Amino acid sequence: MPELPEVETVRRGLKALVVGKKIVDVQVLWPKIVTNDSEEFKQQLAGRTIEAIDRRGKYLLFRLSGHLTMVSHLRMEGRYFLNQSDEPVTKHTHVIIAFTDRTQLRYADVRKFGRMTLLKTGQENQLSGIHALGPEPLSPDFQVADFYQRLQKHKKNIKAVLLDQHTVAGLGNIYCDEVLWLSKIHPLLPANRVTFTQAQSLHAAIQAELKKAVAAGGTTIRSYVDANGDSGHFQFNLHVYGREGQPCERCGALIQKIKVGGRGTHFCPQEQVLPADSTMAVIQ
DNA sequence: CCAGTGCCCTGGAGGC
DNA sequence: TGCCTCCAGGGCACTG
């Protein structure tokens, strides 16, 4: 599932592949992917040039000529590929952006969860998902003191708070489990019970882990590949995600898997413990 | 305002 | 081999 490191890797790949290309035609094969009216989406894109590709959290922002931005979220399994126009269109391709040089940017998504929205550049905040995003974890906007203050405002568990994108942007299920293990914090600890020392540890772990994952080209669990079709390598550096029943690398206790807010959650039961007086609302 | 639940989707895994 | 059921999950709409 694409989280910040995967989306950043896709962004870098796409930048090299499509920036500078001029759009000649667009096909929308599964209209639900595009939140705009399909016809308007196609008409507005035709004739534009891709000038840059930015990223905010897990959102890709295609900057187009004429002050338009196409916002794209890959959700679970969205992928972009650059093809020649005469190559056969694969089964799960839902949007095709054709360029004047006879290449095509194709969006494929097995689960069809991904979304694209075309809007005026500068009005990205009209999208509720972007409007509510917390700071970029790898930018100077992400400060320990502010992070700690934000955590103190939430009674719900730390895993849910890290996942919901308001406190910090870009973390998904995999990296949440990893940074909580690195910081030895139980996923069900209420966020307002995280100490300042723990917040410092978590803040450092988030930055270090995301940097390493970006450098490794992201994590490939089931389907993720970058814009060049290459898998990431960071799955070999995961400590808890997908390692249920295997020994913790630090202490040897067996990694446990529970459900938190409907998400599979992996942790070390020996090192990531709840304080004796904290809520034991363990959802099994 | 907040927490909880269901929805969107399909392929893969497991049971029989 | 085949059919059925269940599960994975990011973000959002809806409910209480």
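Numbered from 1 within each chain, the chains take letters A, B, ... in sequence-line order. Treat the numbers as computed from the prediction; the structure is a model and nothing was measured.
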Please confirm whether the ring centroid of F196(A) lies under 6.0 Å from the ring centroid of F147(A).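 No; F147(A) has its ring centre 6.0 Å or more from that of F196(A).
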Residue [X], side-chain heavy atoms: nucleotide from [options] that is nearest:
X: W30(A); options: dG11(B), dC9(B), dA3(B); result: dC9(B)
X: R111(A); options: dG11(C), dA3(B), dG9(C); result: dG9(C)
X: R75(A); options: dG11(C), dA3(B), dC9(B); result: dG11(C)
X: Y241(A); options: dA8(C), dG11(B), dC12(C); result: dA8(C)
X: K32(A); options: dC8(B), dG11(C), dG11(B); result: dC8(B)
X: F113(A); options: dC12(C), dA8(C), dC8(B); result: dC8(B)
X: K156(A); options: dA3(B), dG10(C), dG11(B); result: dA3(B)

Using atom [atom1] of [X] as one end and atom [atom2] of [N] as the other, report the distance to the nearest whole Å.
X: R263(A); N: dC7(C); atom1: CZ; atom2: C1'; answer: 12 Å
X: D164(A); N: dC12(C); atom1: CG; atom2: C1'; answer: 12 Å
X: H131(A); N: dG11(C); atom1: NE2; atom2: P; answer: 16 Å
X: H266(A); N: dA8(C); atom1: NE2; atom2: P; answer: 9 Å
X: R56(A); N: dG10(C); atom1: CZ; atom2: P; answer: 18 Å
X: I33(A); N: dC9(B); atom1: CD1; atom2: P; answer: 8 Å
X: L162(A); N: dG11(C); atom1: CG; atom2: C1'; answer: 17 Å
X: E77(A); N: dC8(B); atom1: CD; atom2: C1'; answer: 13 Å

Using a strict cut-off of less than 4.0 Å between a Lys/Arg side-chain nitrogen and an Asp/Glu carboxylate oxygen, indicate whether [X] and [Y] qualify as a salt bridge.
X: K159(A); Y: D177(A); value: yes
X: E249(A); Y: R243(A); value: yes
X: K42(A); Y: D25(A); value: no
X: D101(A); Y: K21(A); value: yes
X: R55(A); Y: E136(A); value: yes

Contact under 4.0 Å: [X] side-chain N or O vs [N] OP1/OP2:
X: K112(A); N: dG11(C); value: no
X: K259(A); N: dC7(C); value: no
X: S128(A); N: dC12(C); value: yes
X: H92(A); N: dG11(B); value: yes
X: K58(A); N: dG11(C); value: yes
X: Q165(A); N: dG10(C); value: no

So which nucleotide does dC1(B) pair with, by the Watson-Crick or G-U wobble rule with both distances under 3.5 Å? none
Any strand: nucleotide that pairs with dT1(C) via Watson-Crick or wobble, under 3.5 Å: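 Across all strands, not a single nucleotide pairs with dT1(C).
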Would you indicate what G172(A) reaches in the nucleic acid, counting non-hydrogen atoms under 4.0 angstrom: base, sugar-phosphate, or nothing? nothing
Name the nucleic acid region contacted by H154(A), choosing base, sugar-phosphate or nothing; use a 4.0 angstrom heavy-atom cut-off, strictly under. nothing
Residue pair K153(A)/V110(A) against DNA chain B: nearer the 5' end by closest nucleotide is K153(A)
